[in-house]
> 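Sharing a structure here in structure tokens format.
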There are 2 protein chains.
Amino acid sequence: MSLVHDAVSISEAAALTGLSTHALRYYEREGLMLGGVDRASSTHRRYTEADISWVVFLTKLRSTAMPIAKVREYVDLVREGEESTSARLELLLAHRANVLAQLDEITQSLAAIDYKIATYRKGNS
Amino acid sequence: MSLVHDAVSISEAAALTGLSTHALRYYEREGLMLGGVDRASSTHRRYTEADISWVVFLTKLRSTAMPIAKVREYVDLVREGEESTSARLELLLAHRANVLAQLDEITQSLAAIDYKIATYRKGNS
DNA sequence: GTAGAACTTAGAGTGCGCTCTAAGTCAAAC
DNA sequence: GTTTGACTTAGAGCGCACTCTAAGTTCTAC
């Protein structure tokens, strides 16, 4: 706990987001942190609640296989403010289609794996 | 079409499996092809129907994020024959659990993305 | 039989997303 | 005020899964 309400160290941010401290610095270097991270009272990073929420959302994009470069594109749009809302919507809708395709492919592969599992259970080959 | 029924060239195999010819040679080098691929009447590879089906199944494992090393483990068990059936079943069941976890994570991320999409549609931030 | 396309090998190169290192600075506890 | 551990930077290194290159061989069509 620090004097600044809810601003946490990089290792606490790592624990909260599931990323490594290395990855958090990497994301910042790559320009994914909107306004950059505060350095309250020192050179040390202090992550606010908003920073954490933001990183958590980024991990949702990443866990659905959005490449870092595309994430940065999205972040740049957010930085542009109100006027980019429709562009952001478009980007997320396009990504949504990718995610549905992923779910479909994985589900089909799962069916093939389940089929194989069933053959092993029946003792056939 | 060749004299040998259903044995196709590497580029045809690539077209049939969705892999590149480079990837097909790579898989063979990595020992993923069970008995190796025939070289009927030349140094050129000839993929049988069974080879193609096998590669297709491997792509199911790969598309569900099984690392090549784990795929090789599975292939090695298949090579051992009957006696490894229960080990193969175990491996596939463990992988199945990973796949379900993936589906779960992606589905949750999709929900977060859909939520964001909804806020853009409502014109809120 | 010859041109051109497709194939062969071994091995180097690539892109991605971190991950680690080194050398140093800062903070918290005692 | 000193130790201990967390933090800082810039930049190198890594693991994965291909992907590409080069130099040469073979197949197919004419």
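Here is the naming used below: chain letters follow the sequence lines, and residue numbers restart at 1 for every chain.
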> For D:dT9, does OP1 or OP2 lie under 4.0 Å from any side-chain N or O of A:T43?
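No.
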
> Could you pull out all residues at least two apart from B:H44 that satisfy side chain to side chain contact (heavy atoms under 4.5 Å, CB included)?
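With sequence neighbours excluded, B:H44 shows a side chain to side chain contact (heavy atoms under 4.5 Å, CB included) to B:S42, given in chain and number order.
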
> Return the nearest nucleotide to the side chain of B:H22; candidates are C:dC20, C:dT9, D:dC20.
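Out of C:dC20, C:dT9, D:dC20, the nucleotide with an atom closest to B:H22's side chain is D:dC20.
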
> What do you reckon, is CD of B:E90 surrounded by more than 12 foreign heavy atoms closer than 6.0 Å?
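Counting neighbours around CD of B:E90, 12 or fewer heavy atoms of other residues, nucleotides or ligands fall under 6.0 Å, so no.
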
> How close or far is atom P of D:dG5 from atom NE2 of A:H44, stated in whole angstroms?
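After rounding, the reported distance stands at 16 Å.
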
> Sugar-phosphate atoms are those with a prime plus P, OP1 and OP2; base atoms are the rest. Using that split, label each nucleotide of nucleotides 10-15 of chain C B, S or - for protein heavy atoms under 4.0 Å, 5' to 3'.
------

> Would you kindly give the CD-to-P distance between B:E28 and D:dC18, to the nearest whole Å?
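Taking atom P of D:dC18 as the reference, CD of B:E28 is at 15 Å.
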
> Using whole Å, report how far CZ of A:R39 lies from P of D:dA6.
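Distance check: A:R39 CZ to D:dA6 P gives 19 Å.
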
> For the backbone of B:E105 and the side chain of B:S109, can you confirm whether one donor and one acceptor N or O come within less than 3.5 Å of each other?
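Flag set: sc B:S109 to bb B:E105 pair under 3.5 Å.
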
> Which of the following nucleotides, D:dT9, C:dC18, D:dT19, is nearest to the side chain of B:S20?
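Side chain of B:S20 sits closest to D:dT19.
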
> Checking side-chain polar atoms at under 3.5 Å, does B:T43 have a donor or acceptor matched by the opposite partner on B:R39?
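Result is no, nothing qualifies.
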
> Verify the distance criterion only: is there a donor paired with an acceptor across the side chains of A:D104 and A:Q108 at less than 3.5 Å?
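Result is yes, a qualifying pair exists.
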
> How many whole angstroms separate atom OH of A:Y26 from atom C1' of D:dT8?
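One finds 19 Å between C1' of D:dT8 and OH of A:Y26, rounded.
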
> Can you tell which of C:dT19, D:dT9, C:dT8 lies closest to the side chain of B:I10?
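The closest nucleotide is C:dT8.
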
> Just to verify, what does A:T107 make a side chain to side chain contact (heavy atoms under 4.5 Å, CB included) with, not counting sequence neighbours?
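With neighbours one apart ignored, the set is B:L103.
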
> For A:Y27 and C:dC18, what is the distance between atoms OH and P respectively, to the nearest whole Å?
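Taking atom P of C:dC18 as the reference, OH of A:Y27 is at 4 Å.
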
> Looking only at side-chain atoms of B:R45, point me to the closest of C:dG17, C:dT9, C:dA6.
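Of the options given, the side chain of B:R45 lies nearest C:dT9.
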
> Taking only heavy atoms on the protein side, list every residue of residues 57-67 of chain B lying under 4.0 Å from any atom of DNA chain D, sorted numerically.
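Under 4.0 Å from DNA chain D: B:R62, B:P67.
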
> Measure from NZ on B:K70 to P on D:dG15 and round the result to the nearest Å.
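After rounding, the reported distance stands at 19 Å.
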
> Do A:E12 side-chain atoms and A:S9 backbone N/O form a donor-acceptor pair below 3.5 Å?
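The answer is yes, because a donor-acceptor pair under 3.5 Å joins these two groups.
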
> Whether the side chain of B:R62 engages the backbone of B:M66 through a donor-acceptor N/O pair (distance < 3.5 Å, no angle test) should be reported.
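Indeed, once roles are kept as given, a pair shorter than 3.5 Å links the two residues.
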
> Nearest whole angstrom, please: distance from the C1' of C:dT8 to the OH of B:Y47.
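Atom OH in B:Y47 sits about 12 Å away from atom C1' in C:dT8.
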
> From the options C:dC7, C:dC18, C:dC26, select the nucleotide whose nearest atom is closest to the side chain of A:A23.
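Closest nucleotide among those given: C:dC18.
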
> Over how many whole Å does the gap from A:R25 atom CZ to C:dC18 atom C1' extend?
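The distance from CZ of A:R25 to C1' of C:dC18 comes to 13 Å, rounded to the nearest Å.
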
> Please enumerate all residues that pass side chain to side chain contact (heavy atoms under 4.5 Å, CB included) together with B:I117, with sequence neighbours excluded.
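A:L89, A:L92, A:L93, A:R96, B:I113, B:D114, B:R121.
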
> Reading DNA chain D from 5' onward, which residue's closest nucleotide shows up sooner: A:S9 or B:I68?
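Its nucleotide being nearer the 5' end, the pick is A:S9.
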
> Taking any heavy-atom pair under 4.0 Å as a contact, classify B:T21: base, sugar-phosphate, or nothing.
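No contact.
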
> With sequence neighbours excluded, tell me which residues meet side chain to side chain contact (heavy atoms under 4.5 Å, CB included) with A:E73.
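For A:E73, the residues satisfying side chain to side chain contact (heavy atoms under 4.5 Å, CB included) (neighbours in sequence not counted) are A:K70, A:L91.
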
